[in-house]
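Residues: numbered from 1 along the sequence shown. This is a predicted model, so every value here is computed, not measured. Values reported hereafter were calculated over all heavy atoms of this structure, with side chains retained and with hydrogens, waters and symmetry mates removed.
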Amino acid sequence: MNTKSFAKLVGMVAISVVVATLLLGGSKDANTFGFVGLLVAIFWGIPAIVVITLYRYVEKRGHDR
């Protein structure tokens with residue numbers, strides 16, 4: 001996986017966090033958007049980026065052998 005595709009994946013995760021925040025009721029006001037966005041980022045965005053990063057690391061390590 002090259003850097004360009006990794007950046008696209010991170011961008012897609014960021015967009016999905018914003019969309020999930022809006023769908024879960026974050027469009028009511030700024031405080032709600034911040035709170036729901038924080039919850040979605042903690043439980044979806046950050047773990048998704050960590051998994052993608054670990055996969056990239058393992059894939060790169062496997063090709064070096």
| field | N31: side-chain contact (heavy atoms from CB on, under 4.5 Å) partners, not counting sequence neighbours | value | D29

| note | Looking only at heavy atoms, the pair that brings V40 and L24 closest together is CG2-CD1, 3.8 Å

| task | Could you tell me whether a side-chain N or O of T21 sits under 3.5 Å from a main-chain N or O of V17, the two making a donor and an acceptor? | result | yes

| request: State which residues pass side-chain contact (heavy atoms from CB on, under 4.5 Å) with L23; sequence neighbours excluded, sorted by chain then number. | output: V19

| remark: In L38, L39, T32, the residue satisfying side-chain contact (heavy atoms from CB on, under 4.5 Å) with V36 is T32

| query | Who pairs with L22 by side-chain contact (heavy atoms from CB on, under 4.5 Å), at least two apart in sequence or on another chain? | reply | V18, S27, F33

May I have the list of side-chain donor-acceptor pairs in residues 43-54 shorter than 3.5 Å, sequence neighbours left out?
from : atom 1 : to  : atom 2 : distance (Å)
W44  : NE1    : S16 : OG     : 2.9
T53  : OG1    : I49 : O      : 2.7

| field | Those residues that, when tested against K4, pass side-chain contact (heavy atoms from CB on, under 4.5 Å) (two or more places apart) | value | N2, K8

